[in-house]
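These numbers were taken from a predicted model, which means no experiment stands behind them. Order of appearance sets the numbers: ligands from 1, and atoms from 1 within every ligand.
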Amino acid sequence: MYAFDIASDRPKTELYDELLKAADALTAGEPDGIANMANISALLWQFLPDLNWSGFYRMVEGELVLGPFQGKAACIRIPLNKGVCGAAARTATSQLVDDVHAFPGHIACDADSRSELVVPILRDGAVVAVIDLDSPIPSRFDNADKSGIEALAELLASRI
Ligand code: SME
């Protein structure tokens, strides 16, 4: 059993410190990337309040393909010229979207989503996957979330 002590009312920097420690402990020494992405999507869901989706899309033959996640069933394949995930993978930069309805080409996998954070995972300079977080609350994510998830992406680069 894995039990984590999560107080989501603490400052975000502390929350992400704890999340990173938990992610490190869960994935250290485990070579199976699918198992690691599955556990991390559960960890994100457990640690971060006000989410309606947390998970991964993997780069497979030039497009993004759905990976392990928590939340409602989602779009399976995303071309790099579509959506917030496609933009993150195409540009290899994080996308912090306060209002998904204002983002050209946003893909509404869950009609409840209002804001979104997508962070690319790079290995040897190439995007191998993205971490996608959705929230039903507008402007749910800020730069502290972006930095925290970017640190997580760096940790996971060699573990997925
Ligand atoms: N909204 C994303 C698609 C993935 S779902 O949110 C799970 C996008 O626009 O790329």
- Item | V130 and V119, any side-chain heavy atoms less than 4.5 Å apart | no

- Task: Just grab all the ring pair (Phe, Tyr, Trp, His ring centres under 6.0 Å) pairs involving residues 62-107, residues at least two apart or on different chains.
- Result: W53-F69

- Item | Short side-chain donor-acceptor distance under 3.5 Å, D134 and S113 | yes

- Please list all pairs passing the side-chain hydrogen bond (donor to acceptor under 3.5 Å, both in side chains) test where one or both residues lie in residues 63-90, with sequence neighbours left out. E63-R77

Show me the short polar-atom pairs for ligand 1: any N or O of it lying under 3.5 Å from a protein N or O, with distances only.
residue  : atom   : partner : partner atom : Å
ligand 1 : 1 (N)  : H106    : NE2          : 3.4
ligand 1 : 1 (N)  : I107    : O            : 2.7
ligand 1 : 1 (N)  : E116    : OE1          : 3.0
ligand 1 : 1 (N)  : E116    : OE2          : 3.1
ligand 1 : 6 (O)  : D132    : OD2          : 3.3
ligand 1 : 6 (O)  : D134    : OD1          : 3.3
ligand 1 : 6 (O)  : D134    : OD2          : 2.9
ligand 1 : 9 (O)  : V84     : N            : 3.0
ligand 1 : 9 (O)  : I107    : N            : 2.9
ligand 1 : 10 (O) : V84     : N            : 3.0
ligand 1 : 10 (O) : C85     : N            : 2.8

- Considering only heavy atoms from C-beta outward, does the side chain of E116 approach that of D132 to under 4.5 Å? yes

- Task: Hey, could you give me each pair passing salt bridge (charged side-chain N to carboxylate O under 4.0 Å, His left out) that has a residue in residues 26-50? Not counting sequence neighbours.
- Result: none

